[in-house]
Amino acid sequence: MTKPLITPATLKGFRDYLPAPAMAREAIMEVARRVYRSYGFSPIDTPALEYTEVLLGKGGEESDKQLFRFTDNGGRDVAMRFDLTVPFARFAAQHLNDIGVPFKRYHLAPVWRGENTQRGRYREFMQCDFDTIGTDSNAADIETLLVIHDLLSAIGFERFRIRINNRLVLNGLLEKLGLGDRASGVLRALDKLHKIGRDGVTAELCEKVQTTTDQAARVLDFAHLTGTPSEILSRLDGMLQGNATGELGVARLRELFSVASHAGIPPERVDLDVSIARGLDYYTGTIYETFLTDDPKIGSICSGGRYDNLAGLFTSQKLPGVGASLGLDRLLAAMESFGMIGQASTPAPVLVVSFDATRVAEYARLGRMLRQAGINTEVFPDSRAVGKQLKYADKKGFRIAVIAGEDEFAAGVWQVKDLKAGTQSRVAEADLPSHLNDILKPA
RNA sequence: GUGACUGUAGCUCAGUUGGUUAGAGCGCCAGAUUGUGGAUCUGGAGGUCGCGGGUUCAAGCCCCGUCAGUCACCCCA
């Protein structure tokens with residue numbers, strides 16, 4: 001009588017990571033940590049599960065519907081976080097006395113959304129957030145742009161565009177048009193300009209948002225501004241003249257593009273795009289979206305913006321801030337389609353072949369010696385045929401095999417086989433670390 | 001959440017108007033090669049046709065449900 005087998009399966013939108021993609025993911029996380037730390041952001045962590053009331057109502061109705069929500073065994077109404085920003089708001093309010101302001105933190109962690117899946121859209125995915133809270137200064141907005149740029153650049157991307165806008169500009173225009181009360185509907189329609197085009201947006205504005213055709217036309221004229229940031233900004237000066245909100249937005253954008261240029265950000269990587277609005281309701285100032293030139297369909301892979309009052313739900317203390325989030329799993333899906341994920345499934349470049357079963361101690365000792373020299377090394381556990389072990393090394397993506405049998409032990413040397421070059425040489429043990437490093441260095 | 005398409009070996013796929021033991025390439029395992037991977041040759045293993053029902057003498061193929069993936073909408077990383 002055999003036990004019925006359980007079908008091994010993962011839930012819709014939840015995925016396993018095999019070694020090669022898992023290593024790519026960890027590598028990106030290490031880059032993100034390094035870049036964030038280089039700007040002085042500190043790590044924090046928060047629980048995956050929160051009281052539902054903490055998460056509800058902050059990201060709008062849509063995110064409420066997407067919550068993984070249930071009653072725990074103690075009868076509490078709980079939910080899994082759907083982003084890292086709302087838990088951060090709770091965290092900031094709760095620990096304000098300890099953290100002080102301004103406060104800069106980064107947070108790399110999975111989040112969960114019960115929405116329909118697609119390539120690059122999962123129900124569990126990793127976000128890499130960084131935020132600066134407790135300051136209104138435009139310097140923080142500018143720094144956010146620099147971080148996004150340095151991050152993508154450090155991951156290895158060259159062809160990407162950061163699209164920037166400022167909600168103050170949009171709000172100023174809407175005030176002038178008498179649409180201030182319908183801002184979110186207008187912004188939502190406008191955000192689709194790149195997708196559904198001018199006529200589509202006009203239709204949505206007139207039908208869903210109930211604007212007049214004249215209002216819709218003026219919104220679209222505005223949204224269709226193209227050119228360099230400074231060209232667009234001069235046009236905006238005229239369009240928003242006399243509106244304090246709009247003028248402030250333009251001034252902040254002007255400073256941002258100017259500083260970015262002085263800081264050496266390549267101009268082809270930053271766009272001023274007055275049509276982007278972001279869905280999330282809590283952004284109030286600068287807005288960022290990042291698209292890969294070679295895979296725009298996968299969506300924004302790093303987005304964020306400025307908000308006036310992060311923690312208003314939790315404290316009367318006003319906490320303005322600005323930040324952004326890298327969508328790690330979405331980025332990884334894009335990298336996979338570019339063939340940017342390596343095929344190696346081992347983090348060790350060196351395999352010590354177990355040639356002679358009576359020399360287990362020698363192989364183990366060598367492995368330790370190489371590790372102490374900073375070279376990741378695996379010792380094959382079984383004394384199988386050398387050919388088998390080399391085949392294993394080849395398949396797993398080891399760069400070097402170190403081999404020794406009776407002859408080598410007698411001569412006091414090791415055979416070093418470069419699996420990629422196909423070359424082999426006899427090396428005295430004392431010279432081994434430097435010899436191996438010479439082979440590994442270019443990679 | 002709404003709508004559409006797809007699901008056959010580890011992978012990519014073929015499979016006639018429904019018709020007997022479901023095929024190929026690649027990969028995998030073994031051998032040629034008992035001290036050396038990638039190439040070549042020979043042999044071999046591997047399939048509940050996503051899963052569950054239904055129609056039929058007969059279902060990989062038709063119908064319903066379900067799960068998963070993809071695409072669009074919505075939303076967004």
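Note on naming: letters A, B, ... go to the chains in the order of the sequence lines (proteins, then strands), and numbering restarts at 1 for each one.
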Paired nucleotide for [N] [Watson-Crick or G-U wobble; both distances under 3.5 Å]:
| N | value |
| --- | --- |
| B:U55 | none |
| B:G44 | B:C28 |
| B:G7 | B:C67 |
| B:U36 | none |
| B:C73 | B:G1 |
| B:A22 | none |

What contact category does [X] fall into here, base, sugar-phosphate, or nothing, at under 4.0 angstrom with non-hydrogen atoms?
| X | value |
| --- | --- |
| A:K297 | sugar-phosphate |
| A:G200 | nothing |
| A:Y392 | nothing |
| A:L419 | base |
| A:G299 | nothing |

Take the protein atom [atom1] of [X] and the nucleotide atom [atom2] of [N], then report the distance between them rounded to whole Å.
| X | N | atom1 | atom2 | result |
| --- | --- | --- | --- | --- |
| A:R384 | B:U36 | CZ | P | 15 Å |
| A:E289 | B:C75 | CD | P | 13 Å |
| A:F380 | B:G35 | CZ | C1' | 16 Å |
| A:E115 | B:C73 | CD | P | 14 Å |

So does [X] reach the base of [N] with its side chain, donor to acceptor, closer than 3.5 Å?
| X | N | result |
| --- | --- | --- |
| A:R330 | B:C76 | yes |
| A:R121 | B:A77 | no |
| A:Q389 | B:G35 | no |

Practice item. For the residue pair A:R90 and A:T46, confirm or rule out a side-chain donor-acceptor distance under 3.5 Å. Key: no

When rounded to the nearest 0.5 Å, the distance separating CZ of A:F160 from CG of A:D295 is 15.0 Å

Item checked: A:D329/A:R25 salt bridge by N-O under 4.0 Å criterion -> yes

